[in-house]
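Single-structure report; data block below.
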There are 2 protein chains.
Amino acid sequence: MRLSTARRLVLEALFAADGPVSAPQLAQVLQVDATSVYRNLELLERHGLVRHVHLGHGAGLWVLPGRQELEYLYCERCAKVTQVAADDLDSIREQIRQRFGYRVRFTHFALIGLCDQCAGSSASRVSSYRKLTGAVRGR
Amino acid sequence: MRLSTARRLVLEALFAADGPVSAPQLAQVLQVDATSVYRNLELLERHGLVRHVHLGHGAGLWVLPGRQELEYLYCERCAKVTQVAADDLDSIREQIRQRFGYRVRFTHFALIGLCDQCAGSSASRVSSYRKLTGAVRGR
DNA sequence: ATACTTGCAAATGATTTGCCAGTGT
DNA sequence: ACACTGGCAAATCATTTGCAAGTAT
């Protein structure tokens, strides 16, 4: 796989990004045709250089996989996103496996719900940000 | 809210269905314009008569809310769906709330992963079926 | 030459919006 | 009359596919 221009731009953009970015966003910012962005993301994903996540509704979001696998928590009201290391969810994952027979992961589809602020209670202290595509209106 | 023809057909179809059904499916089966199906589903949802779930990729799926709230587990490989009563997940939900500050639910977005068969191990004994829209090819 | 890449147009699929004509009260 | 309803065309959004011209090796 050659490191073509569009390909390099996509990687650089993801590297510079502060969080997951959608293909349409990349295409617009980089001034590269969306088709090319999609094709490159797919190819890069096959090579394990990028991956994508789904945070609730809307476009898939792309990221560079870090050294440690990250899983996502997403607030469907305020669009806050929290990333946690896979290890932190192992115990929960294991309980789910034992009780229901599914090996779940929140790397491809986030864990979705309401953050404490949006529900009204305590706090947390993990790295969080907001989904770029904006918060969600009442469903 | 009047119980118009299209509205009644949608409700009857959901009642007869064995699992969540998409709007496009309803439109096709009932021979009712998709627009009408969407509008009715949305209206019915606002009145709490129906609700919808997202099982991985693809269209949203609609169901009649039962007496007890159901949450979904979905296998991204074989499309197997398992429904569990909300209570059964309360302990897990609570752990997630304490550790990460999110009140998650799997009623709107399913808990996604691989079922034991697709991963290779033990078993479970809950009501399960397959997503109508077919299984997923290797990502 | 030959394989890899890209842009552009067009298609797909789910979902939404505008509009207008028909129906129920 | 007047609000509610359904169908149809068209628009939107994310994503995919076909194709033809351009580029690297």
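Please read all numbers here as calculations on a predicted model, not as lab measurements. Numbers restart at 1 for each chain; the letters A, B, ... are given by sequence-line order, proteins then strands. All values below come from the heavy atoms of this structure, side chains included, with hydrogens, waters and symmetry mates left out.
Val104(A) and Leu114(B) are members of different hydrophobic clusters when ILVMFWY side chains are connected at heavy-atom separations under 4.5 Å. Under the 4.5 Å side-chain contact rule for hydrophobic residues, Leu49(B) and Leu14(B) share a cluster.
Here the nucleotide nearest the side chain of Ala59(A), chosen from dT15(D), dT5(C), dG7(D), is dT15(D). With distances taken from any side-chain atom of Ser36(A) to the nucleotides dT15(D), dG6(D), dT6(C), the minimum falls on dT6(C).
Two rings, from His57(A) and Phe109(B), have their centers less than 6.0 Å apart. Not less than 6.0 angstrom separates the ring centroid of His54(B) from the ring centroid of His54(A).
Considering only side-chain N and O atoms, Asn40(A) lies nowhere under 4.0 angstrom from the phosphate OP1 or OP2 of dT5(C). Between dT16(C) and Tyr38(B), no contact under 4.0 Å exists linking OP1 or OP2 to a side-chain N or O. Contact check, Ser4(A) against dT6(C): a side-chain N or O comes under 4.0 Å of OP1 or OP2.
If you take CD of Gln31(B) and C1' of dG7(D), they are 13 Å apart, rounded to a whole angstrom. A straight line from CG of Leu41(A) to C1' of dT5(C) spans 15 Å, rounded to a whole angstrom. Distance, Gln25(B) CD to dG13(C) C1': 13 Å, rounded to whole Å. We find that CG of Leu3(B) is positioned 13 Å from P of dG24(C), with the value rounded to whole Å. In this entry the distance linking CD of Glu45(A) with P of dT15(D) reads 12 Å, nearest Å. If you measure from atom NE2 of His54(A) to atom P of dC13(D), you get 19 Å, rounded to the nearest angstrom.
Residue Thr35(A) is classed as a base contact, given a heavy-atom separation below 4.0 Å to a base. Nucleic acid contact for Gly60(B): sugar-phosphate only, since backbone atoms but no base atoms lie under 4.0 Å from a heavy atom of the residue.
Ionic pairing of Arg51(B) and Glu69(B) is not present here: no N-O contact between side-chain nitrogen and carboxylate oxygen is shorter than 4.0 angstrom. Arg103(A) has a carboxylate O that lies under 4.0 Å from a charged side-chain N of Asp116(B), or vice versa, which qualifies the two as a salt bridge.
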Checklist entry - Where do Leu111(A) and Val84(A) land on the side-chain contact (heavy atoms from CB on, under 4.5 Å) test, with the steps shown first? => result CA-CA 11 Å; Leu111(A) 202 38; Val84(A) 305; over 6 Å; no

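Within residues 10-17 of chain A, no residue has any heavy atom closer than 4.0 Å to DNA chain D.
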Checklist entry - Quick one: what's the B/S/- string for nucleotides 19-25 of chain D, heavy-atom cutoff under 4.0 Å, read 5' to 3'? => result B----S-

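Other residues, nucleotides and ligands contribute only 12 or fewer heavy atoms inside 6.0 Å of the CD atom of Gln28(B).
Looking at Thr82(A) and Tyr72(A), their side chains never bring a donor and an acceptor atom within 3.5 Å of each other.
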